[in-house]
Each structure stands twice: as structure tokens, then as C-alpha cells.
Amino acid sequence: MRATRAIIHLGNLARNMQAIRGFIKKGVKICAAVKADAYGHGAVECSRRLLAEGADVLAVATVGEGVELRDAGIHCPILLLSLCAPEETEDAVRHDITPLVFDKEYIELFSMAAEKVGKRGYSVHIAVDSGMGRIGCLPEEAGKIARMLVDSGKLTIGGTCTHFALSDGTSQEAQEYTQLQYTNFLKAIDNIRNEGLEPGLRHCCASAASLSHAEMQLDMVRPGIILYGYYADEVDREYLNKLGTPLDLSPVMTLETEVSAIRRFSRGMSVGYGRTWIAEKDTDIAVLPVGYGDGLLRRWASSGLEVAIGGKTYPIRGRVCMDQCMADLGLGSPVHRWDKAVIFGCKADGAAQDADDIARATGTISYEITSCITRRVPREFVE
């Protein structure tokens with residue numbers, strides 16, 4: 001096990017799942033998003049725990065992610081949220097990974113793949129672009145697409161879905177746009193039914209809308225970042241408290257390392273590439289074996305990144321290197337070589353900040369922070 005590792009608290013994942021379940025209406029299925037290696041947390045282990053806690057479906061973004069779950073012995077329905085290349089369609093069908101379709105070409109591709117693999121009546125979901133501007137048919141095209149899909153003779157409608165662009169915002173504009181998208185989605189559903197067809201599982205709510213728009217939950221919801229302990233942008237702890245629906249989430253990942261060396265620096269000595277930081281006075285510098293090759297991005301340090309060691313925080317100095325970074329201990333600190341150093345995560349692990357804190361400081365979102373942690377960082381799964 002490397003000194004640098006990501007501690008994954010499966011107990012927190014389970015508690016988050018159960019807390020979220022309290023927001024979901026009875027009979028509504030839960031599709032747990034485990035794409036991007038479960039937002040950096042380890043897709044296979046997290047999937048197993050989420051299924052044990054009652055998830056009905058898992059969502060991935062690539063065929064390879066779905067195949068990884070199948071190879072690990074996971075047999076539940078798997079929904080593919082992004083598009084795949086033509087040469088991947090057979091693998092998707094062969095491994096029972098449910099794709100989204102929304103146009104003639106994609107319907108034909110999966111019809112041919114289903115025929116070649118020998119699967120008749122292969123279930124797919126119709127994607128509707130209700131205002132996200134990404135993938136999907138327009139609401140007024142949904143009936144035609146549904147008819148085309150069924151007439152292929154190879155595919156069946158397992159569900160119909162859309163994705164909201166502003167549901168994680170709390171402004172009046174955001175709320176109105178989400179309502180507009182929801183109305184557009186319902187029009188798409190009506191258009192499918194006007195063809196004498198059923199839309200299958202209707203789903204449109206990801207993390208934010210699942211919590212703040214119970215009326216939009218329909219047949220299935222797709223929680224993602226909230227499973228891993230972080231709120232969806234403005235739909236945060238304070239906002240949910242104001243709504244009278246409090247939700248306590250716990251970070252699932254802690255990124256930690258160890259002090260590999262401590263060096264005395266005299267006034268005027270510089271640290272790292274480009275000499276971007278020069279000591280204004282004598283100090284001790286700790287070398288930490290974690291860098292942007294592990295997902296600790298260079299821009300984090302320029303935004304005031306600190307590391308927690310022994311209950312105290314110390315600033316990262318100079319540029320983050322690919323494999324190392326340096327922290328300013330000052331003189332006379334109690335830090336010793338091989339002491340644990342926590343970058344972000346759970347307070348119980350000694351963290352002084354979480355992924356949200358880094359995200360706010362760097363102008364991004366917690367999703368990016370955890371997903372950045374690369375696979376060379378070992379994941380240690382604990383309760």
C-alpha cells in the first residue's frame with residue numbers, strides 16, 4: 001500500500017444511501033450513478049454496497065465501465081448514460097447494458113447489434129432533450145422515435161428519460177427552467193402514448209431534483225454526487241433545512257499521504273518548479289509523495305490549499321509536481337517524518353477540509369475533485 005491512498009468509507013456510503021431513500025417516494029426505483037469509477041471512489045466495491053443498500057439500477061457512462069461491473073459478477077440492470085461508438089454496440093448488448101437512443105441511426109445500430117448477438121426485444125431507453133441541449137430527441141419527436149424503435153422488431157422501450165440543466169440552482173430562473181423542462185418531458189411522454197406505446201420507466205431527477213422536487217420523481221431517480229457525501233451545488237444543507245427537509249451527508253473519500261521528508265530551508269531558498277515560492281524566513285518544508293499524477297491538481301495550490309497533519313493545517317508551497325508537493329511547517333512544528341497528512345475528506349480521519357472546500361476555492365464542483373483522483377492511488381475500503 002502506497003503512503004498516498006484514498007480511504008473509502010463504505011459505511012458512510014450506506015448511511016448516505018439510506019438518508020437519500022427518505023426523500024424518495026415509495027415505489028420509486030433508485031438508479032445509483034457509479035460512472036467515472038463511482039466518482040473516483042471505486043465502482044465495483046461501491047456498486048456492491050449500493051445494491052446491498054437497495055439500489056435497483058446502476059448507471060455508467062461508458063460501455064467499458066459497464067463491462068467492468070459485469071466481469072465483477074454484478075447482474076443488476078445497468079444504464080448507459082452517454083453515447084458509445086458503433087463498434088461498442090455489440091459489447092453493450094452482449095453484456096446487457098441498456099443504452100439511450102434518440103434517432104434513426106442509433107436505433108439501427110442497436111437493432112443490428114441485437115440481431116447479431118441474438119437478442120430479440122432488447123430493452124433501450126429513449127432520451128429526450130427537454131432543454132439540456134446535449135443528447136436526446138425533441139419532445140415533439142418522441143412519439144415518432146418510439147414508433148421507429150418498436151417497428152425495428154429488435155428493440156423494446158424499457159424507459160424514457162431526460163436530464164435537467166438547472167435543477168441544482170435555487171434561483172427563480174433555475175426553478176422556472178426546471179419546471180419548463182419537466183413540462184417538456186411530460187409532453188414527450190404524452191407523444192409516446194399517443195402512438196399507442198408505453199414509455200417504460202420515466203426518469204428525469206438526478207441528485208438535486210431528487211431532493212427538492214418530489215413531484216418529479218416519477219418511476220425512477222438517478223442520485224449521483226449525494227451518494228458520495230456532497231450536495232448538488234446550491235441544493236445544499238442550508239437550502240434543504242430551509243425547505244424543512246434536512247439531509248446530513250458524510251464524505252465517503254479521504255485522500256491522505258505521509259510526510260516522506262522534512263528539510264530546513266533558509267530565507268531566500270525556493271521551492272519547486274519555476275521558483276514560484278521563495279522563503280521569506282527560515283522554515284521547515286515537508287515533502288509529501290502526492291501530486292497531479294494522483295489527481296492533486298496544480299491549480300489547487302495556487303488557491304490556498306492546505307494539508308492537515310496532527311490536527312494542524314499547513315499551506316502547500318510552490319507548484320504541485322506530478323508526484324510530490326511541499327508543505328510549509330514553519331519552525332518548531334511537532335510534525336515528524338512518516339506522520340499522516342490528510343489532503344481532504346472526513347473529519348474523523350483528521351481532515352481539515354473536504355472536496356467542497358477545495359471546489360469552492362478553485363471555482364469548480366466536488367464532482368471534479370473526487371473524480372480527479374487517479375487509479376494509481378490505491379483505494380482502501382473500510383467501514
Side-chain angles (χ1 to χ4, degrees), residues 1-20 32-53 68 72 224-231 248-260 286-297 300 305-314 316 320 323-325 327 335-359 361-362 365-383:
M1 182 66 72
R2 276 186 67 196
T4 299
R5 53 196 174 269
I7 309 301
I8 309 300
H9 293 270
L10 294 176
N12 285 354
L13 181 68
R15 283 184 284 275
N16 292 340
M17 176 69 167
Q18 293 309 318
I20 293 160
V34 294
K35 59 181 181 172
D37 199 31
Y39 295 45
H41 293 73
V44 170
E45 291 294 337
C46 287
S47 293
R48 287 173 175 157
R49 188 55 177 268
L50 289 166
L51 290 170
E53 297 298 328
E68 178 187 25
I225 191 63
I226 53 178
L227 292 169
Y228 307 104
Y230 293 101
Y231 298 88
D248 288 324
L249 298 174
S250 300
V252 175
M253 176 193 292
T254 294
L255 179 64
E256 63 179 42
T257 187
E258 296 175 358
V259 176
S260 59
V287 180
L288 309 175
V290 59
Y292 62 79
D294 303 297
L296 188 72
L297 302 185
W300 295 3
L305 179 67
E306 295 183 325
V307 61
I309 307 174
K312 295 184 177 181
T313 58
Y314 302 93
I316 298 298
V320 174
D323 313 301
Q324 299 173 89
C325 64
V335 176
H336 297 89
R337 199 175 201 174
W338 313 127
D339 280 353
K340 182 173 75 171
V342 184
I343 308 298
F344 69 81
C346 304
K347 289 183 179 179
D349 292 328
Q353 60 192 345
D354 60 24
D356 258 345
D357 295 322
I358 296 175
T362 56
I365 53 177
S366 57
Y367 311 58
E368 183 183 59
I369 303 301
T370 62
S371 297
C372 275
I373 306 307
T374 65
R375 288 213 173 192
R376 85 171 185 181
V377 177
R379 270 61 171 175
E380 180 181 339
F381 298 92
V382 301
E383 280 299 310

Shortest non-hydrogen contact between [X] and [Y], atoms and distance:
{"X": "Cys346", "Y": "Pro251", "value": "SG-O, 3.0 Å"}
{"X": "Val377", "Y": "Ala6", "value": "CG1-N, 3.5 Å"}
{"X": "Ala33", "Y": "Gly224", "value": "CB-CA, 3.8 Å"}
{"X": "Leu227", "Y": "Leu13", "value": "O-CD1, 3.3 Å"}
{"X": "Ser260", "Y": "Arg337", "value": "O-NE, 2.6 Å"}
{"X": "Ala359", "Y": "Ser366", "value": "CB-N, 3.6 Å"}

Measuring from atom [atom1] of [X] to atom [atom2] of [Y], what distance do you get when rounded to the nearest 0.5 angstrom?
{"X": "Thr4", "Y": "Arg376", "atom1": "OG1", "atom2": "CZ", "result": "8.0 Å"}
{"X": "Leu297", "Y": "Ile369", "atom1": "CG", "atom2": "CD1", "result": "7.0 Å"}
{"X": "Ile373", "Y": "Leu296", "atom1": "CD1", "atom2": "CG", "result": "7.0 Å"}
{"X": "Tyr39", "Y": "Thr370", "atom1": "OH", "atom2": "OG1", "result": "8.5 Å"}
{"X": "Met17", "Y": "Leu51", "atom1": "CE", "atom2": "CG", "result": "8.0 Å"}
{"X": "His9", "Y": "Glu383", "atom1": "NE2", "atom2": "CD", "result": "10.5 Å"}

Should we say atom NZ of Lys340 is surrounded by more than 12 heavy atoms from elsewhere, each under 6.0 Å from it?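 Yes, enclosed.
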Mind running side-chain contact (heavy atoms from CB on, under 4.5 Å) on Arg49 and Ile8 for me, showing each step along the way? CA-CA 12 Å; Arg49 188 55 177 268; Ile8 309 300; over 6 Å; no
State whether the side chain of [X] and the backbone N or O of [Y] hold a donor-acceptor pair below 3.5 Å, judged by distance alone.
{"X": "Arg379", "Y": "Gly40", "answer": "yes"}
{"X": "Thr257", "Y": "Ala341", "answer": "no"}
{"X": "Gln324", "Y": "Gly291", "answer": "no"}
{"X": "Arg48", "Y": "Glu45", "answer": "no"}
{"X": "Arg15", "Y": "Asp248", "answer": "no"}
{"X": "Asn16", "Y": "Ser250", "answer": "yes"}
{"X": "Asp354", "Y": "Asp356", "answer": "yes"}

Please test Gln353 against Leu305 for side-chain contact (heavy atoms from CB on, under 4.5 Å), starting from the C-alpha separation and ending with a verdict. CA-CA 9 Å; Gln353 60 192 345; Leu305 179 67; 3.3 Å; yes
Is Arg5 paired with Glu258 through a side-chain N to carboxylate O contact shorter than 4.0 Å? yes
If you apply the rule side-chain contact (heavy atoms from CB on, under 4.5 Å), what do you find for Glu68 with Val44, and how did you get there? CA-CA 8 Å; Glu68 178 187 25; Val44 170; 4.0 Å; yes
Let me see the working for Ile365 and Ile225 under side-chain contact (heavy atoms from CB on, under 4.5 Å), right down to the final yes or no. CA-CA 10 Å; Ile365 53 177; Ile225 191 63; over 6 Å; no
Are side-chain heavy atoms of Val259 and Val287 found at a separation under 4.5 Å? no
Look at the rings of Phe344 and Trp300 and say which category their plane angle falls in: under 30° parallel, 30 to 60° tilted, over 60° perpendicular. perpendicular
